[in-house]
Peer 1: 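A single structure is presented below for examination.
Keep in mind that this is a model prediction, so the values were computed, not measured. Excluded from the calculations below are hydrogen atoms, water molecules and symmetry mates; all remaining heavy atoms, backbone and side chain alike, are included.
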Amino acid sequence: MNSKKKHLVCLLVLLLFTTGVHAGARKTVYPVVFAHGLSGFDNLLGYYYFGNDYGTFVGDPCDEFLETACNGSIHSSQKALAASVTPFQSSEVRGTQLADRIQNYMTSTGATKVNIIGHSQGGIDARKAAAVLRARYGRQVVHVMISVSSPHRGSPTAKYILDLGPGVTSVVNALAKLFGNTIYGSGNDGIAAAKQLVYNDYSSTDGVTTGMKAFNNNYNVSTNTANYWGSIITAQDSINTNPALYLLKEGFYNIDGDGYCVDDCDNDGAAGKGDGTRGNNDDDGLVGINSQQMGYRLQYNECLICFDSITVNSTLGYVSNLNAPTSAQMTSKSSVVSQDHLDVVGVPPDTFDEEEFYASILEFIVTKGG
């Protein structure tokens, strides 16, 4: 083989391993907005929200010469916004703030639509934001809406904190305000945030109807506000459990999150009633699997020698009424990602590749026209 052919073979091999095996995600048609959960964006237990274990934002493309602190699994021209809202507040407030951030971003970039990936409460905020944007623009503004680990039907952890009584909750609220005001600014209210994340209205005497049941009635899954709806479900297992969440689960409160019942039949703060078996990996440390499906349930497929992918679990069907999923949709562990609530947004220790996980979501968004 002459030198020219050898060079050609070497070039083909190089191209294979740099663009074929881990080719990465294609650029989405519309920018992707990342909506964070409770406690803020810039700092989550000392780590950057929606980052890898080293603090790199998963939506940051490698678009500069020799740039290394970036996500090499996404397209170099990918457009993304790391939106920031008040860390501790209701989704009524946070959702409107998110809509404001998106509208400003669309104005500055010339984008006509966006896709949203929301983690935890961010997936709830996104539903309110999509409705607000629809009203402002008079048309559908969000193309693809995907939630990750979101308590669409409530979180028992939120009710557990509220049930500790005024003495404890006032201290928790003071700490939330101190933390939130430091990293974001004024306007934080830990009690309002917790009441948002309980399924039923927590208090009938506070003059306001709160909770996920009422919120779902107002901001349900609808093609009027987003073209495609999907959700990714998480549940911790023995090797993928954050120490803080493990202590919470073992020492304080163990969520039973895979039983079916219409509404909150066991008064634990989430729709369903549990199946009576605690500690069987039916929650991610903060949210039960019975609370997380919205629209289609998506399956994350990891691949050791190729690019990871997202597919649709069509067997479980579509959740269009968030207050009335089927028994299978609330109890099935099919397509559940074996990570805890914090692993998927970059809080170690974990065995998770955040960059490729979100890149695979972006690639899935492309397949849905987003």
Peer 1: Looking only at side chains, do S334 and N313 share a donor and an acceptor under 3.5 Å apart?
Peer 2: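 Yes - a donor-acceptor pair under 3.5 Å links their side chains.
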
Peer 1: Main chain of S327, side chain of T331: is a donor-acceptor contact present, judged purely on distance under 3.5 Å?
Peer 2: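 Side chain of T331 to backbone of S327, a donor-acceptor pair under 3.5 Å: yes, one is there.
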
Peer 1: Examine distances only and state if a side-chain atom of N200 and a backbone atom of Y202 form a donor-acceptor pair shorter than 3.5 Å.
Peer 2: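 Side chain of N200 to backbone of Y202, a donor-acceptor pair under 3.5 Å: no, none is there.
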
Peer 1: Between NE2 of H143 and OG1 of T112, what distance do you get to the nearest 0.5 Å?
Peer 2: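 Result: 10.5 Å between the selected atoms.
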
Peer 1: Any side-chain heavy-atom pair from E363 and F307 closer than 4.5 angstrom?
Peer 2: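 Heavy-atom side-chain distance check passes, below 4.5 Å.
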
Peer 1: So, for A35 and L98, which heavy atoms are closest and what is the spacing to 0.1 Å?
Peer 2: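 Where A35 meets L98 most closely, the heavy atoms are CB-CD2, 3.9 Å.
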
Peer 1: Could you go through the side-chain contact (heavy atoms from CB on, under 4.5 Å) check for R297 and V336 one step at a time?
Peer 2: CA-CA 9 Å; R297 182 178 299 199; V336 170; 4.1 Å; yes

Peer 1: Verify whether one side chain among Y199 and D263 offers a donor that lies under 3.5 Å from an acceptor in the other.
Peer 2: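 Yes, side-chain donor-acceptor contact under 3.5 Å.
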
Peer 1: Among all residues two or more places apart in sequence or in another chain, which pass the side chain to side chain donor-acceptor pair (under 3.5 Å) test with Y219?
Peer 2: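 For Y219, the residues satisfying side chain to side chain donor-acceptor pair (under 3.5 Å) (neighbours in sequence not counted) are E92.
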
Peer 1: Could you tell me whether Y49 and F34 have their ring centroids closer than 6.0 angstrom?
Peer 2: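 No: the rings miss the under 6.0 Å criterion.
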
Peer 1: Quick one: closest heavy-atom pair of P61 and H75, and the distance?
Peer 2: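 Distance-wise, the nearest heavy atoms are CB-O, 3.3 Å.
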
Peer 1: Please round to the nearest 0.5 Å and tell me the distance separating atom CD1 of I191 and atom OG of S90.
Peer 2: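 That separation rounds to 13.0 Å.
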
Peer 1: Hey, what's the ring geometry for Y300 with F352, parallel, tilted or perpendicular (30° and 60° as the breaks)?
Peer 2: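 Judged by the thresholds at 30° and 60°, the geometry between Y300 and F352 is perpendicular.
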
Peer 1: Just verifying a value: how many Å separate I117 CD1 and I361 CD1, rounded to the nearest 0.5 Å?
Peer 2: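 Rounded to the nearest 0.5 Å, the CD1-CD1 separation comes out at 5.0 Å.
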
Peer 1: Could you state the interatomic distance from NE2 (H36) to CZ (F50), rounded to the nearest 0.5 Å?
Peer 2: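 Taking NE2 in H36 and CZ in F50, the distance rounds to 8.5 Å.
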
Peer 1: Can H341 and S120 be said to form a side-chain contact (heavy atoms from CB on, under 4.5 Å), step by step?
Peer 2: CA-CA 8 Å; H341 196 78; S120 193; 2.9 Å; yes

Peer 1: Less than 4.5 Å apart, any side-chain heavy atom of N227 and any of K368?
Peer 2: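 Result no, sub-4.5 Å side-chain heavy-atom pair not found.
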
Peer 1: Might you point out which heavy atoms bring P31 and Y105 nearest each other, and give the distance in Å?
Peer 2: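 So the minimum-distance heavy-atom pair works out to CB-CE2, 3.5 Å.
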
Peer 1: Return yes if a side-chain donor-acceptor contact under 3.5 Å exists between S91 and D125, otherwise no.
Peer 2: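 A donor-acceptor contact under 3.5 Å links the two side chains.
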
Peer 1: Restricting to side chain to side chain contact (heavy atoms under 4.5 Å, CB included), what partner residues turn up for A324, sequence neighbours left out?
Peer 2: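 Side chain to side chain contact (heavy atoms under 4.5 Å, CB included) list for A324, sorted by chain: N321.
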
Peer 1: So K333 and N280, side-chain contact (heavy atoms from CB on, under 4.5 Å) or not? Walk me through it.
Peer 2: CA-CA 11 Å; K333 295 181 182 179; N280 59 341; 3.7 Å; yes

Peer 1: When rounded to the nearest 0.5 angstrom, what distance separates NZ in K128 from CD in Q196?
Peer 2: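 These two atoms lie 9.0 Å from each other.
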
Peer 1: For residues F88 and S39, determine if any side-chain heavy atom of one lies less than 4.5 Å from a side-chain heavy atom of the other.
Peer 2: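 F88 reaches S39 side chain to side chain.
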
Peer 1: Which heavy atom in S149 sits nearest to a heavy atom in D284, and how many Å separate them?
Peer 2: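 For S149 versus D284, the nearest heavy atoms are CB-OD2, 3.6 Å.
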
Peer 1: Are D63 and K79 within salt-bridge range, i.e. N to O under 4.0 Å?
Peer 2: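 K79 and D63: not salt-bridged.
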
Peer 1: Would you say V221 ends up clustered with I233 if hydrophobic residues are merged whenever their side chains have heavy atoms under 4.5 Å apart, either directly or through other cluster members?
Peer 2: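 Per the 4.5 Å side-chain linkage, I233 and V221 are not co-clustered.
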
Peer 1: Determine, stepwise, if the pair Y358 / F57 fulfils ring pair (Phe, Tyr, Trp, His ring centres under 6.0 Å).
Peer 2: CA-CA 10 Å; Y358 286 100; F57 173 44; 8.9 Å; no

Peer 1: For the residue pair T234 and V337, establish whether any side-chain heavy-atom pair is separated by less than 4.5 Å.
Peer 2: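 Side chain of T234 against side chain of V337, heavy atoms only: contact under 4.5 Å found.
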
Peer 1: Between M294 and M145, does a side-chain contact (heavy atoms from CB on, under 4.5 Å) hold up when you go through it step by step?
Peer 2: CA-CA 10 Å; M294 171 196 74; M145 173 88 73; 4.0 Å; yes

Peer 1: By the definition side-chain hydrogen bond (donor to acceptor under 3.5 Å, both in side chains), identify the one residue from R127, H152, Q293, H119 that meets it with S147.
Peer 2: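 Going through the options one by one, the only one that passes is H152.
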
Peer 1: Are D206 and K195 ion-paired here, with the side-chain N under 4.0 Å from a carboxylate O?
Peer 2: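 Yes.
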
Peer 1: Looking only at heavy atoms, which two atoms of A83 and V33 are closest? And how far apart?
Peer 2: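 The pair with the smallest heavy-atom distance is CB-CG1, 4.0 Å.
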
Peer 1: I want to check something: taking the side chain as every heavy atom from C-beta on, are K113 and R139 in contact at a cut-off of under 4.5 Å?
Peer 2: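 Yes, side chains in contact.
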
Peer 1: Of the non-hydrogen atoms in T28 and L362, which two are nearest, and what is the gap between them?
Peer 2: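 Reported closest heavy-atom pair: CG2-O, 3.7 Å.
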
Peer 1: How about V29 and V366: do any of their side-chain heavy atoms sit closer than 4.5 Å?
Peer 2: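 V29 vs V366: side chains apart.
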
Peer 1: Is a donor on one side and an acceptor on the other found under 3.5 Å between the side chain of T157 and the backbone of L286?
Peer 2: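 It does hold such a pair.
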
Peer 1: With no hydrogens and no angle check, do the side chains of D201 and T210 hold a donor and an acceptor under 3.5 Å apart?
Peer 2: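 Yes, a side-chain donor-acceptor pair sits under 3.5 Å.
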
Peer 1: Output the distance between atom CZ (R153) and atom CD (Q292), rounded to the nearest 0.5 Å.
Peer 2: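 One gets 9.0 Å once the value is rounded to the nearest 0.5 Å.
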
Peer 1: Does OH belonging to Y137 count more than 12 external heavy atoms closer than 6.0 Å?
Peer 2: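 Count over threshold, so yes.
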
Peer 1: Just to verify, what does Q299 make a side chain to side chain contact (heavy atoms under 4.5 Å, CB included) with, not counting sequence neighbours?
Peer 2: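 Per chain and number, Q299 pairs via side chain to side chain contact (heavy atoms under 4.5 Å, CB included) with N301, T311, S335.
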
